[in-house]
*Asks:* 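Sharing a structure below in structure tokens format, with a few things to ask.
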Amino acid sequence: MKQIAILIAICLIAVPLRPQEPSPTSTTSGNSEACSDVTLGERLAREYEKQAGLGRTRELDGISRYINSVGSKVASTLPSGLQYHFVFDPNPDFKSAFALPGGYIIVGGGLLAIAQTEDELANALAHEIEHVELGQVSRRVSELRKQKEIKNLELGEFLPGYTKEEELACDLNGLQLAAKAGYSPAGMLTLLATFKALRKGEPEEPSEKHPSLAERIAQAEPLAKASRQNQKPLRIP
């Protein structure tokens, strides 16, 4: 986790920053694409709810409202003004989250069970928000549009599958986004440490496509340790 070689390697990776505000000449086309992405994202989110058999109970509605309140607080600091929607899947085996077009984000019950603080949850949501804000989801939509009509795009085509550089960019920008919203970047570090502990010493297979937990921790450590360490407790209803 503290290996200097890993830290240097991560620092040398070019990390994309959030796109600049569009120029006036590109605003109209940008707004049209944004509306299209929101429509697509809403359709896919509804399809996910149907496929996962998500029902509604008072308890689940309360948890969903809480996740949306944390996510909305994080997203409120963004210049894009995009409204984010967080869909909660209580499946305990789903220990992650993933972003859909237009600001729709699916959050697994397993992730919520692993998170020990609101700051950890906020950092995880900020990571997924950055997949949208950095244009990674939109680029995937653009590539898929070359192959099929937008009405034929399927949910599985937006499951996680980003490059190492893209994932690390979402980690780094997500840390900064969560901090801007008032959360401690230490939340990302402690969440990653929990995921590492859950492996119970099992080594990770080296990959050129996905960052290891060691790489993600090494990148998060400098900002996390330089920030305030106190984290807010989870307030799940």
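Everything quoted here is computed from the prediction, not taken from an experiment.
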*Asks:* Mind listing the closest non-hydrogen atom pair of Q136 and A169 along with its distance?
*Replies:*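 In this case the closest contact between Q136 and A169 is NE2-CB, 4.5 Å.
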
*Asks:* Using 0.5 Å steps for rounding, measure from the CD atom of Q231 to the OG1 atom of T190.
*Replies:*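 Going from CD on Q231 over to OG1 on T190, the span is 4.0 Å.
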
*Asks:* I want to check something: taking the side chain as every heavy atom from C-beta on, are E133 and N173 in contact at a cut-off of under 4.5 Å?
*Replies:*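 Counting from C-beta outward, E133 and N173 never come under 4.5 Å.
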
*Asks:* So which heavy atom on M188 is nearest to which on H127, and how close?
*Replies:*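 Closest approach of M188 to H127: CE-CB, 4.3 Å.
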
*Asks:* Taking side chain as C-beta onward, heavy atoms only, is Y104 less than 4.5 Å from L44?
*Replies:*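 Y104 vs L44: side chains apart.
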
*Asks:* Under the criterion side-chain contact (heavy atoms from CB on, under 4.5 Å), I'd like the reasoning laid out for L100 against V137: C-alpha separation, chi angles, the key distance, then a yes or no.
*Replies:* CA-CA 7 Å; L100 293 172; V137 179; 5.9 Å; no

*Asks:* Could you state the interatomic distance from OG (S138) to CG (D37), rounded to the nearest 0.5 Å?
*Replies:*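 Going from OG on S138 over to CG on D37, the span is 4.5 Å.
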
*Asks:* I need the L223 CG to D171 CG distance, nearest 0.5 Å.
*Replies:*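 So the gap between those two atoms works out to 11.5 Å.
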
*Asks:* Salt bridge between E157 and K148, side-chain N to carboxylate O under 4.0 Å?
*Replies:*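 Salt bridge between E157 and K148, a charged N being under 4.0 Å from a carboxylate O: yes.
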
*Asks:* Check side-chain contact (heavy atoms from CB on, under 4.5 Å) between L213 and all other residues, then give those that pass, not counting sequence neighbours.
*Replies:*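 For L213, the residues satisfying side-chain contact (heavy atoms from CB on, under 4.5 Å) (neighbours in sequence not counted) are L192, F195, K196, R199, E204.
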
*Asks:* Working to the nearest 0.5 Å, report the span between NZ of K73 and OG of S76.
*Replies:*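 Spacing of NZ (K73) from OG (S76) equals 8.0 Å.
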
*Asks:* Could you please spell out the steps behind the side-chain contact (heavy atoms from CB on, under 4.5 Å) verdict for V70 and K232?
*Replies:* CA-CA 12 Å; V70 175; K232 307 175 184 68; over 6 Å; no

*Asks:* Donor-acceptor pair, distance only, cut-off 3.5 Å: does the side chain of R145 make one with the backbone of L153?
*Replies:*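 Pair absent, no side-chain N/O of R145 close to backbone of L153.
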
*Asks:* Can you check side-chain contact (heavy atoms from CB on, under 4.5 Å) on F158 and L40, steps first, answer last?
*Replies:* CA-CA 11 Å; F158 293 93; L40 174 60; 4.1 Å; yes

*Asks:* Answer yes or no: is there a donor N or O on one side and an acceptor on the other, between the side chain of S184 and the main chain of R228, under 3.5 Å?
*Replies:*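 Looks like yes, one N/O pair under 3.5 Å.
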
*Asks:* Grab the two heavy atoms, one from A124 and one from L191, that are nearest each other, plus how far apart they are.
*Replies:*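 For A124 and L191, the tightest heavy-atom pair comes out as CB-CD2, 3.9 Å.
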
*Asks:* Can you name the residues that form a side-chain contact (heavy atoms from CB on, under 4.5 Å) with Q83, not counting sequence neighbours?
*Replies:*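 By the side-chain contact (heavy atoms from CB on, under 4.5 Å) rule, Q83 matches H85.
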
*Asks:* Which value, rounded to the nearest 0.5 Å, describes the distance between E205 atom CD and S212 atom OG?
*Replies:*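 These two atoms lie 11.5 Å from each other.
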
*Asks:* Pick out which of L54, V107, I67, N68 makes a side-chain contact (heavy atoms from CB on, under 4.5 Å) with V87.
*Replies:*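 So the option named by the test is L54.
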
*Asks:* Evaluate side-chain contact (heavy atoms from CB on, under 4.5 Å) for I150 paired with T39, printing each intermediate quantity in order.
*Replies:* CA-CA 10 Å; I150 191 169; T39 300; over 6 Å; no

*Asks:* Which heavy-atom pair separates Y66 from P237 by the least distance, and what is that distance?
*Replies:*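 Closest pair (atom of Y66, atom of P237, distance): CB-CD, 4.0 Å.
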
*Asks:* In plain terms, say whether E143 and R140 are close enough for a salt bridge, that is, a side-chain N and a carboxylate O under 4.0 Å apart.
*Replies:*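 Salt bridge absent between E143 and R140.
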
*Asks:* Has the side chain of N123 got a donor or acceptor atom that lies under 3.5 Å from a matching backbone atom of L189?
*Replies:*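 No, N123 side chain to L189 backbone: no donor-acceptor pair under 3.5 Å.
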
*Asks:* How close do P185 and L175 get, counting heavy atoms only, and between which atoms?
*Replies:*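 Scanning both residues completely, I find the closest heavy atoms to be O-CD2, 3.3 Å.
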
*Asks:* Have a look at E47 and tell me which of R43, Q51, K50 forms a side chain to side chain donor-acceptor pair (under 3.5 Å) with it.
*Replies:*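 Testing E47 for a side chain to side chain donor-acceptor pair (under 3.5 Å) against R43, Q51, K50 leaves exactly one candidate, R43.
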
*Asks:* With side chains defined as the heavy atoms from C-beta onward, is the minimum distance between L125 and Y84 less than 4.5 Å?
*Replies:*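 Answer no - side chains too far apart.
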
*Asks:* Would you say the side-chain atoms of S69 and R235 include a donor-acceptor pair closer than 3.5 Å?
*Replies:*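 No pair is found: no donor N or O on one side chain lies under 3.5 Å from an acceptor on the other.
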
*Asks:* Once rounded to the nearest 0.5 Å, what's the spacing between atom CG of L82 and atom CD1 of I129?
*Replies:*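 Here the interatomic distance stands at 9.0 Å.
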
*Asks:* Regarding H131 and E166, do their side chains bring together a donor and an acceptor under 3.5 Å, going by distance alone?
*Replies:*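 Distance-only check fails for H131 and E166.
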
*Asks:* Please give me the minimum heavy-atom distance between A186 and Q229, naming the atom from each residue.
*Replies:*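 So the two residues come closest at CB-OE1, 3.7 Å.
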
